Visitor: 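My questions will all concern the structure given below.
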Amino acid sequence: MRPLWVVGDVHGAYDKLRATLLRAGLIDFDGSWTAGDTHLVFLGDYVDRGPHGLEVIRLVRSLEVQAQEVGGQVTALLGNHEVMFLAALVFRHQDPLDRLGYRQYWLENGGQLRDADLLEPSDLAWLSSRPVMAASHGCLLIHADSMMYVRLGSTLEEVNAEVARLLSAPDADEWGLFLNWFTERLAFALAQGEAKARRTLQTFGGQRIVHGHTPVYVLLDETLHGPTLGAGAPVPYANRLCVAMDSGMAYREDAGFIARLNQHGIAEVVAFPGGALY
């Protein structure tokens, strides 16, 4: 079975992303794909918070093409910050005074004007076509630790098709509801969390949920066993039905990791500023 590597929320931390992918042997110093038939999955939130969201998008797009040429695969999921970003862009013409508040909402949540100014039509089209769910190696791969997905459909294909329909039809009310659902978090960690995780897996299949969205240090601080320091590491929880993968790389100077997963769970973690944790 080919390797599966997963990257959580990047949030414009382009230099950290490149350094970590390099240390994992997935790219070379030029940013070219060196991972052969590996499946590399990004869990969304490429933009906002950090300064170089556009560079992150361009790198992921480039790796997507390069991997396919040698039998590998890059899957880039949609995150809620992409939807915020898209809403600010999509509705700016029909709502130039921002009465709907989408632009202000994006800016208040770390929106970077530089990303909007330099975004090209091909970048916009790529962002608008991202799936919200994927599956690989027994993992159900999603961005948010939210029950949003079961509200959108009963199969991966149905959910991805519904989100594609929504993003192609700029209805302000639908987008607002979608964003509200997408910002929910901690569904699998709070009350009935394990039951909700089981329901999600029973609906879509898989042995475990792998998600970003909620930084691992937030998950640990608020619901589990206390603070985390340094680069951090993925957090298995909900009776190991879930793995939290948001390293918070744009939030803390020393934070950042990516992980190789297999059918048994976490196989390897590579952390910023370097070295495998285990």
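We number each residue from 1, following the sequence as shown. Model, not experiment: these values are computed from the prediction.
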Visitor: If we ignore angles and hydrogens, is there a donor and acceptor under 3.5 Å between the side chains of E69 and W33?
Guide: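 Not at all, the side chains of E69 and W33 share no donor-acceptor pair under 3.5 Å.
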
Visitor: Taking only residues at least two apart or on different chains, which pairs with a member in residues 186-212 satisfy ring pair (Phe, Tyr, Trp, His ring centres under 6.0 Å)?
Guide: H211-Y237

Visitor: Any non-hydrogen side-chain atom of M133 less than 4.5 Å from a side-chain atom of L140?
Guide: yes

Visitor: Of the options V6, L59, L17, which is the one that meets F42 in a side chain to side chain contact (heavy atoms under 4.5 Å, CB included)?
Guide: L17

Visitor: A side-chain contact here means heavy atoms from C-beta on lying under 4.5 Å apart; do S247 and V216 qualify?
Guide: no

Visitor: May I ask whether L118 and L113 are part of the same hydrophobic cluster, defined by side-chain heavy atoms of I, L, V, M, F, W, Y residues being less than 4.5 angstrom apart, directly or through others?
Guide: yes

Visitor: Side-chain contact, heavy-atom cut-off 4.5 Å: E82 with R130?
Guide: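 Result no, sub-4.5 Å side-chain heavy-atom pair not found.
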
Visitor: Among L26, L40, V41, whose side chain to side chain contact (heavy atoms under 4.5 Å, CB included) with V7 holds?
Guide: L40

Visitor: Counting C-beta onward and ignoring hydrogens, is there a side-chain heavy-atom pair between V132 and I142 closer than 4.5 Å?
Guide: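 SC-SC contact between V132 and I142 ruled out.
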
Visitor: Does V47 reach the side chain of L54, with side-chain heavy atoms less than 4.5 Å apart?
Guide: no

Visitor: Would you please name every residue forming a side-chain contact (heavy atoms from CB on, under 4.5 Å) with D246, sequence neighbours left out?
Guide: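 Partners of D246 under the side-chain contact (heavy atoms from CB on, under 4.5 Å) test: D9, P215.
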
Visitor: Can you confirm whether W175 sits close enough to L167 that some side-chain heavy atom of one is under 4.5 Å from a side-chain heavy atom of the other?
Guide: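 Of all side-chain heavy-atom pairs linking L167 with W175, at least one is under 4.5 Å.
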
Visitor: Scan side-chain atoms only and decide if T38 and R260 contain a donor-acceptor pair under the 3.5 Å cut-off.
Guide: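 Result is no, nothing qualifies.
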
Visitor: Can you name the salt bridge (Lys or Arg N to Asp or Glu O under 4.0 Å) partners of R114, sequence neighbours left out?
Guide: E55

Visitor: Check whether any side-chain heavy atom of T20 lies under 4.5 Å from a side-chain heavy atom of F257, and answer yes or no.
Guide: no

Visitor: Can you list every pair that meets side chain to side chain donor-acceptor pair (under 3.5 Å) and has a residue in residues 41-54, with sequence neighbours left out?
Guide: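 Every side chain to side chain donor-acceptor pair (under 3.5 Å) pair that includes a residue of residues 41-54, provided the two are not neighbours, is H11-D45, D45-H143, D48-H81, D48-W106, R49-Y251.
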
Visitor: Which pairs with one or both residues in residues 85-105 pass side chain to side chain donor-acceptor pair (under 3.5 Å), sequence neighbours excluded?
Guide: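 Listed once each, the pairs are Q104-E108.
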
Visitor: Show your working on side-chain contact (heavy atoms from CB on, under 4.5 Å) between M148 and L152 and close with a plain yes or no.
Guide: CA-CA 7 Å; M148 171 190 77; L152 292 170; 3.8 Å; yes

Visitor: Is a donor from one side chain sitting under 3.5 angstrom from an acceptor on the other, for N80 and T183?
Guide: no

Visitor: Considering only heavy atoms from C-beta outward, does the side chain of S32 approach that of I27 to under 4.5 Å?
Guide: no

Visitor: If you look only at pairs with a residue in residues 171-198, which of them pass as a salt bridge (charged side-chain N to carboxylate O under 4.0 Å, His left out), with sequence neighbours excluded?
Guide: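 Matches after skipping sequence neighbours: R151-E184, R165-E174, E194-R198.
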
Visitor: Could you tell me if H213 and S146 have a donor-acceptor pair between their side chains, going purely by distance under 3.5 Å?
Guide: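 The criterion, which ignores hydrogens and geometry beyond distance, is not satisfied for H213 and S146.
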
